[in-house]
Undergrad: 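This is the structure, below, for whatever I ask next.
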Amino acid sequence: MKPELQDIRSQFPILNREVNGKKLIYFDNGATTQKPIGVIDAESQYYKELNSNVHRGVHFLSTQSTIAFENARKSVQQFINARSENEIIFTKGTTESINLVAQSFTSLLQKGDNIIVSRMEHHSNIVPWQLACKGRGLELRVAEITSDGLLDLQQLASIIDDRTKLIGIAHISNVLGTINPIKEIVAMAHSNNIPVLVDGAQSVAHLKIDVEDLDCDFFAFSAHKMYGSMGVGVLYGKEKWLEKMPPYQGGGEMIKNVSFDGTTFNELPFKFEAGTPNVAGTIALSEAIRFMQAIGIENIGKCEHELTNYALAKLTDMGNINLFGPIQNRSSVISFLLQNIHPYDAGTLLDKMGIALRTGTHCAEPLMKFFGINGTMRISFAAYNSIEEIDYFLESLHKVKQIFE
Amino acid sequence: MKPELQDIRSQFPILNREVNGKKLIYFDNGATTQKPIGVIDAESQYYKELNSNVHRGVHFLSTQSTIAFENARKSVQQFINARSENEIIFTKGTTESINLVAQSFTSLLQKGDNIIVSRMEHHSNIVPWQLACKGRGLELRVAEITSDGLLDLQQLASIIDDRTKLIGIAHISNVLGTINPIKEIVAMAHSNNIPVLVDGAQSVAHLKIDVEDLDCDFFAFSAHKMYGSMGVGVLYGKEKWLEKMPPYQGGGEMIKNVSFDGTTFNELPFKFEAGTPNVAGTIALSEAIRFMQAIGIENIGKCEHELTNYALAKLTDMGNINLFGPIQNRSSVISFLLQNIHPYDAGTLLDKMGIALRTGTHCAEPLMKFFGINGTMRISFAAYNSIEEIDYFLESLHKVKQIFE
Amino acid sequence: MTNIKERSDEIAANFSVFDDWLDKYNYIIEIGKSLPVFEDAKKSPSNLISGCQSQVWITAEYRDGQIFFAGDSDALITKGIASILIQVLSGASPNEIINCDMSFIDRIGLREHLSPTRANGLNGMIKQMKLYAIAFKSKHETII
Amino acid sequence: MTNIKERSDEIAANFSVFDDWLDKYNYIIEIGKSLPVFEDAKKSPSNLISGCQSQVWITAEYRDGQIFFAGDSDALITKGIASILIQVLSGASPNEIINCDMSFIDRIGLREHLSPTRANGLNGMIKQMKLYAIAFKSKHETII
Ligand SMILES: Cc1ncc(COP(=O)(O)O)c(C=O)c1O
Ligand SMILES: Cc1ncc(COP(=O)(O)O)c(C=O)c1O
């Protein structure tokens with residue numbers, strides 16, 4: 001193993017543990033990544049030294065907590081290259097970020113308007129729109145995909161009309177690893193004055209995100225999928241939209257003045273942050289960003305790319321296997337099926353061999369239906385995974401095949 | 001200091017720290033409590049040993065995480081004596097819990113129906129209802145209070161009519177310390193078939209909560225105000241209501257089946273839990289419950305009661321002070337004003353003396369308006385506070401008075 | 001005739017000879033193969049246990065105070081587990097099933113399958129089988 | 001006439017003699033008392049700096065290329081801070097104010113008041129004073 005990789009791995013306490021008597025091999029990074037000790041410690045240090053509620057207190061701990069919290073906002077802003085801190089809304093996760101837009105943005109629309117999402121979306125970028133469409137009399141249209149798991153841009157162009165008010169699209173598919181051509185989609189959408197929401201849950205830990213370059217209108221992601229804590233998410237939104245949108249949740253923080261005669265709302269970003277935020281988790285997110293930047297997000301991407309190519313080649317060689325998703329220009333999520341072996345059976349046995357991977361529908365049932373399957377096995381890599389782990393995994397997969405033969 | 005109290009204090013690392021060169025005296029517990037080491041460690045141990053996404057994985061870490069997460073639900077259920085785990089919904093805080101009900105429950109109502117909240121509510125139990133009422137054409141009515149800060153039950157009875165569909169009321173006022181007569185209010189409401197939502201943010205760390213005994217329909221609280229982590233809250237709801245209510249947010253976890261033709265929702269409690277939950281924080285909440293139960297919630301209440309009575313008596317003796325809220329049957333939140341001294345001035349200097357208290361409107365502007373003031377100073381106690389701290393605080397307050405004389 | 005306790009003890013005893021997880025799972029898969037053929041017609045949505053990753057169907061019949069289960073799954077491990085449950089519970093009375101002690105699952109080392117994870121079907125199967133028992137009890141036994 | 005830099009240096013020098021926080025705050029309060037009387041009529045919502053716990057009002061006048069500020073607060077510490085800002089910035093040109101360096105606040109040990117906490121008014125005051133400068137600049141200086 002390369003010394004740099006050893007350095008990275010040594011920061012993750014959980015990677016030393018055994019499960020079922022075997023060394024843990026964690027290939028379920030698409031679901032959630034593991035946390036480096038810096039992130040874990042940032043959170044516990046916060047509780048040991050600084051814990052306090054933010055924004056409203058005059059006392060030392062509150063002031064220091066507020067500074068740290070707002071500095072975290074600044075880190076996120078810089079990390080994704082947003083124009084202003086006002087464009088960074090803290091939520092509890094990608095799902096909430098999308099729900100926020102789905103509820104608040106659609107309140108500006110008229111009955112009969114339509115929203116487009118793609119066939120390959122995670123349920124979190126489908127169901128919020130279904131709920132909003134039902135509530136407001138909007139139509140939900142589906143951008144279709146090709147059999148190799150790419151977005152069908154022609155079909156997309158064909159379903160856009162002058163009642164189309166938003167396009168929601170995953171940056172990277174959590175099943176196929178497809179990297180969608182966001183800039184192209186944004187250009188197409190903007191030429192029709194349609195804003196684009198990008199579900200960045202699967203991209204933020206793997207690609208350099210530059211929202212100014214992507215020019216998307218909204219970008220949603222979760223800290224827990226990028227080495228950060230659970231319970232923290234981000235919604236990036238262009239100020240021009242966020243200014244127009246009504247508040248989502250009501251409560252403390254998001255108001256300017258409250259009275260029973262009429263309440264006025266706070267400025268951005270606070271207008272969308274009701275209630276006590278997850279200060280500790282947000283500070284830990286800025287530590288996760290620091291972790292990624294120390295390695296270099298491009299380096300992470302490069303290593304993952306090597307792992308992915310290696311695994312794809314070896315899996316193909318193995319035979320009797322169906323691979324889903326594109327072969328090139330893809331992310332480090334690999335979905336596959338062993339012929340005649342149920343993913344649940346294989347996953348259960350691989351777990352006994354210490355390998356954590358995901359089996360099932362991956363919260364993407366419409367995509368499963370498209371391929372006519374009930375689920376896949378999925379491995380997904382992060383900065384700390386190694387070729388050696390893939391080799392062990394492949395060996396184990398061979399054993400599983402033998403067991404079921 | 002009593003040895004039991006020393007034992008408790010020693011579990012809170014932050015209490016050893018100095019701020020502004022003085023030993024920290026933390027009297028801002030109404031905003032958020034400090035965290036015992038058991039809670040802090042529970043969260044970091046989770047990330048070091050068990051971290052994984054829940055509910056859908058077949059692998060060891062996912063299974064163990066799910067067990068720990070669902071056990072935490074069980075702890076909460078037992079802690080507040082709910083009938084079933086299906087009645088325990090995890091949210092990100094009190095504010096979100098109330099927003100969930102405000103949006104989902106009101107979708108069942110008709111234009112012209114009304115909701116009642118009290119004059120002494122925190123903004124988090126006002127603004128969500130204002131937003132929902134505006135969106136759905138409902139009326140928001142105000143239950144008034146008396147000058148000694150008690151709910152005016154007669155006036156409340158007088159504003160209930162057959163279009164009243166819900167009453168939202170704080171268990172304990174975060175400004176006045178008033179303990180509202182929930183059982184009486186619930187009896188009044190239920191005799192009119194009206195459900196009651198109790199904002200328990202300020203009671204859950206101080207009183208034994210028994211939702212079956214209170215017989216309220218909803219009960220909302222935040223982990224961070226009861227020795228737990230930030231970013232975790234609970235909504236208790238009677239199953240009969242939760243079953244009727246539509247989902248609030250859409251996404252993973254909360255669905256049974258998703259398709260573009262129609263999506264079906266999961267069973268309780270998952271129907272209301274979209275997206276990856278804050279597993280670590282939720283497990284830490286069960287540790288916070290264990291912490292409170294080890295001391296005994298009645299013992300905590302008794303000690304806080306002593307502190308409160310002591311502080312109230314000494315503050316009254318001091319003279320030139322206005323105290324707000326009832327004198328008896330009250331919680332450990334004390335709001336006051338020094339005559340002719342602005343709370344911000346006093347708070348700023350007390351901070352220099354190491355004392356963390358809160359000044360301002362406490363997110364209760366309608367209540368401030370009622371008293372014709374712009375804010376108060378507020379001290380609020382937790383299990384680890386001591387008579388010695390109050391003595392130091394009183395001394396410091398004397399100094400502040402001298403400075404401004 | 002044996003009762004639930006005896007049948008589950010027997011299964012637990014069979015499992016106790018394995019100290020290797022692989023042997024145990026091979027045995028589970030074998031047990032699955034012993035299940036009588038389950039016609040495709042019965043693989044209907046109403047017989048499907050919802051929420052698990054593999055498809056598993058369970059049906060039940062009531063005859064003279066006893067319940068007889070049948071089932072199938074598209075995953076072999078799940079099928080094996082279904083088979084174990086069917087072997088243990090078939091032939092028992094509704095009351096026995098409603099009140100039966102499932103701790104043998106722990107003893108045969110399948111506790112991990114009892115987790116609240118919805119991915120696996122064990123909890124769902126047990127729940128469904130008990131629901132059948134409740135339904136048959138209220139249908140037949142109050143009449144008798 | 002002194003400029004912003006000289007006036008802020010002078011204030012920082014005055015503060016540098018205090019090593020006790022109490023003396024420093026007493027001095028801030030004293031400075032506040034030196035503010036000219038601010039008529040109640042000017043304590044209007046439009047002159048109020050929003051978002052701070054104390055009420056603070058700031059007004060500005062433009063005369064011959066210079067801006068003159070006045071202000072008040074119901075809290076003495078806030079009033080003292082307002083007074084310091086007014087002393088330093090009054091008499092400067094719009095451009096000077098728009099571009100001025102506020103690091104002296106750090107040097108006089110008031111950095112904690114610069115926090116993004118909305119409870120205190122310092123950030124709000126600076127923002128408002130700069131907004132006045134921008135407004136006067138666009139109103140007068142493009143015409144001249
Ligand atoms: C009575 C009351 N309700 C609601 C809240 C809001 O709680 P959170 O900010 O944790 O959502 C608070 C906390 O300040 C409170 O005191
Ligand atoms: C593409 C995609 N979108 C959304 C989500 C939902 O993220 P979260 O559960 O953190 O809200 C996920 C995570 O599973 C995902 O992969």
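Naming: A, B, ... by sequence-line order, numbering from 1 per chain.
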Undergrad: Nearest 0.5 Å, please: how far is CD in Gln53(D) from OG1 in Thr348(B)?
TA: 8.0 Å
Undergrad: With rounding to the nearest 0.5 Å, note down the distance linking NZ in Lys22(B) to CH2 in Trp21(D).
TA: 6.0 Å
Undergrad: Taking everything shown except Lys23(B) itself, do over 12 heavy atoms lie less than 6.0 Å from its NZ?
TA: yes
Undergrad: At a heavy-atom separation under 4.5 Å, does Leu349(B) approach chain D through its side chain, its backbone, both, or neither?
TA: both
Undergrad: Go through the steps for Gln55(D) and Tyr344(B) under the test side chain to side chain contact (heavy atoms under 4.5 Å, CB included), then give the verdict.
TA: CA-CA 10 Å; Gln55(D) 295 183 280; Tyr344(B) 176 75; over 6 Å; no
Undergrad: With a 4.5 angstrom heavy-atom cut-off, could you sort out which part of Thr78(D) is near chain B: side chain, backbone, both or neither?
TA: both
Undergrad: Check the surroundings of atom CG in Asp317(B): do more than 12 heavy atoms from other residues, nucleotides or ligands lie under 6.0 Å from it?
TA: yes
Undergrad: Could you state the interatomic distance from CG (Leu22(D)) to CD1 (Ile403(B)), rounded to the nearest 0.5 Å?
TA: 4.5 Å
Undergrad: Could you walk me through whether Ile29(D) and Phe404(B) satisfy the side chain to side chain contact (heavy atoms under 4.5 Å, CB included) test, starting with their C-alpha distance in whole Å, then the side-chain angles of each, then the deciding distance to 0.1 Å, before giving a yes or no?
TA: CA-CA 9 Å; Ile29(D) 293 166; Phe404(B) 288 104; 3.5 Å; yes
Undergrad: Check whether more than 12 heavy atoms from other residues, nucleotides or ligands sit under 6.0 Å from atom NZ of Lys127(D), and answer yes or no.
TA: no
Undergrad: Could you walk me through whether Asp74(D) and Asn374(B) pass the side chain to side chain contact (heavy atoms under 4.5 Å, CB included) test, one step at a time?
TA: CA-CA 10 Å; Asp74(D) 59 349; Asn374(B) 289 320; 4.0 Å; yes
Undergrad: In terms of heavy-atom contacts, does NZ of Lys43(D) have more than 12 from other residues, nucleotides or ligands at under 6.0 Å?
TA: yes
